[in-house]
Amino acid sequence: MDDDLSFLAGSLPAPLRQDRIVSIVEGAPGLVRTAALAAALGTSEVTVRQDLALLDQEARIRRVRGGAVRLGVGSTERPFEETAVEHQVAKAAIGRAAADLVRSGQCVVLDVGTTPAAVAEALVARSDLVDVTVVTNSLTTALALERAVPRFTLVVTGGTLRPLQHSLVAPFMGAVLPMIAADLVFLGGTGLDVGHGLTNVNLPETEAKRMLAAAARRTVVVADGSKFGRAHLGVVRPLEDIDVVVTAGVTADAVAPIRAAGVEVVVADEDGRAAPDGRKSQP
């Protein structure tokens with residue numbers, strides 16, 4: 001909206017206000033936050049949320065946690081805020097089981113995405129860990145890990161910001177990573193299958209994930225059951241270059257071909273403990 005008309009936004013009739021919301025969301029590259037819409041329209045966030053609910057129902061935009069995205073975003077790359085609310089129990093269990101692989105004194109690399117973010121939360125919760133260096137290209141993860149400083153040393157890779165995932169990618173991302181010799185990298189993705197390994201829908205993110213993997217001696221993929229059997233555009237890591245897959249919310253049939261290919265698969269139960277044979281561990 002033009003600045004000289006912004007004072008009128010708050011008095012717009014609901015249909016015109018909703019048309020304006022659709023126009024803003026359709027013109028954005030990714031997530032448009034509720035607070036930003038409220039500021040642009042000169043109205044309250046409560047009103048914007050009501051508008052978003054109606055527009056989502058009418059299939060004019062897609063309402064997600066924290067705001068809205070244009071229709072069609074879900075068919076390619078989806079915003080961090082949208083995927084964060086999916087498979088939360090499984091992701092939390094994966095985070096705890098993955099964090100159990102880390103030892104004091106190690107250097108670990110954390111990828112972008114909601115499942116690696118769950119690993120970050122679990123690492124922070126492990127009060128026994130000290131002198132851990134964490135390298136990440138995720139602003140969301142960096143903020144979550146800040147609570148563990150000075151127990152942890154936090155290194156952010158630098159790079160160009162992608163707002164959809166709050167991630168840092170090339171160019172400039174490669175300036176830091178060649179100087180890192182990490183013990184573990186925790187990678188997320190949008191697909192995991194026998195033929196292609198770990199894949200991702202977005203090529204810039206795929207390139208960033210490859211660079212992260214090259215900085216570590218062992219590769220750990222963290223992926224809930226919904227990712228199994230899927231393959232997307234960018235190949236991040238073939239199965240032969242994956243050391244461990246940590247998962248939850250997955251069927252035995254989905255896990256079997258990954259194990260048959262020689263990859264260790266850890267299936268986390270709801271308490272975050274790992275059962276190496278793929279069954280839930282007993283209390």
Side-chain angles (χ1 to χ4, degrees), residues 72-80 82-98 101 109-119 137-138 162 164-165 167 169 184-270 272 274-280:
V73 168
S75 63
T76 54
E77 184 181 16
R78 300 165 64 197
F80 183 97
E82 183 176 344
T83 57
V85 299
E86 298 177 342
H87 311 291
Q88 289 179 306
V89 173
K91 289 174 182 177
I94 292 167
R96 292 188 292 269
L101 301 176
V109 178
L110 275 179
D111 187 16
V112 303
T114 56
T115 310
V119 180
N137 67 325
S138 167
R162 295 191 68 247
L164 204 62
Q165 297 295 329
S167 60
V169 299
L184 297 168
V185 58
F186 294 97
L187 293 177
T190 56
L192 180 67
D193 77 336
V194 171
H196 303 86
L198 181 67
T199 56
N200 200 66
V201 297
N202 182 273
L203 289 179
E205 293 285 358
T206 299
E207 180 184 5
K209 292 172 188 290
R210 288 175 179 168
M211 294 173 68
L212 293 172
R217 286 184 282 273
R218 300 187 73 215
T219 296
V220 180
V221 169
V222 288
D224 66 75
S226 70
K227 308 299 192 305
F228 281 63
R230 295 184 177 185
H232 294 117
L233 178 63
V235 176
V236 177
R237 207 77 167 156
L239 280 188
E240 58 264 29
D241 292 332
I242 296 172
D243 296 289
V244 184
V245 173
V246 182
T247 186
V250 68
T251 65
D253 288 343
V255 168
I258 305 297
R259 281 208 176 104
V263 179
E264 179 186 354
V265 180
V266 173
V267 179
D269 69 8
E270 293 179 351
D277 60 358
R279 296 173 297 178
K280 287 185 177 182

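What you see below is based on every heavy atom in this structure, not just the backbone, and it leaves out hydrogens, waters and symmetry mates.
Within the model, atoms CG of Asn200 and CZ of Arg237 stand 14.5 Å from one another, a figure rounded to the nearest 0.5 Å. Taking CD of Glu264 as the reference point, atom CZ of Arg259 lies at 8.5 Å (rounded to 0.5 Å). The distance from atom CG of Leu212 to atom OG of Ser138, rounded to the nearest 0.5 Å, is 10.5 Å. Atoms CG and CZ, from Leu198 and Arg210 in turn, are 10.5 Å apart once rounded to the nearest 0.5 Å.
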* Asked: Could you go step by step and tell me if Val119 and Arg96 meet the side chain to side chain contact (heavy atoms under 4.5 Å, CB included) rule?
  -> CA-CA 6 Å; Val119 180; Arg96 292 188 292 269; over 6 Å; no
* How far apart are the C-alpha atoms of Leu101 and Val220, what are their side-chain angles, what is the distance that settles it, and do they pass the side chain to side chain contact (heavy atoms under 4.5 Å, CB included) test? -> CA-CA 9 Å; Leu101 301 176; Val220 180; 4.1 Å; yes
* In sequence, state the C-alpha distance, the side-chain angles, and the governing distance for Phe228 and Asp253, and then conclude on side chain to side chain contact (heavy atoms under 4.5 Å, CB included). => CA-CA 10 Å; Phe228 281 63; Asp253 288 343; over 6 Å; no
* To do: Report the C-alpha separation of Val169 and Glu205 in whole Å, then their side-chain angles, then the decisive distance to 0.1 Å, and conclude whether the side chain to side chain contact (heavy atoms under 4.5 Å, CB included) test is met.
  => CA-CA 7 Å; Val169 299; Glu205 293 285 358; 4.2 Å; yes
May I have the list of side-chain donor-acceptor pairs in residues 187-196 shorter than 3.5 Å, sequence neighbours left out?
from	atom 1	to	atom 2	distance (Å)
Thr190	OG1	Val201	N	3.2
Thr190	OG1	His232	ND1	2.8
Asp193	OD1	His196	N	2.9
Asp193	OD1	His196	ND1	3.4
Asp193	OD2	His196	ND1	3.2

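The shortest distance between side-chain heavy atoms of Val245 and Val255 does not fall below 4.5 Å. Here the side chains of Asp111 and Asn137 are in contact, with some heavy-atom distance below 4.5 Å. Between Val246 and Val221, the closest side-chain pair of non-hydrogen atoms is not below 4.5 Å.
Applying the salt bridge (Lys or Arg N to Asp or Glu O under 4.0 Å) test to pairs two or more places apart or on separate chains, none has a residue in residues 238-250.
Between the Thr247 side chain and the Ala223 main chain, a donor and an acceptor come within less than 3.5 Å of each other.
Across Ala268 and Ala93, no two heavy atoms sit closer than the pair CB-O, 3.4 Å.
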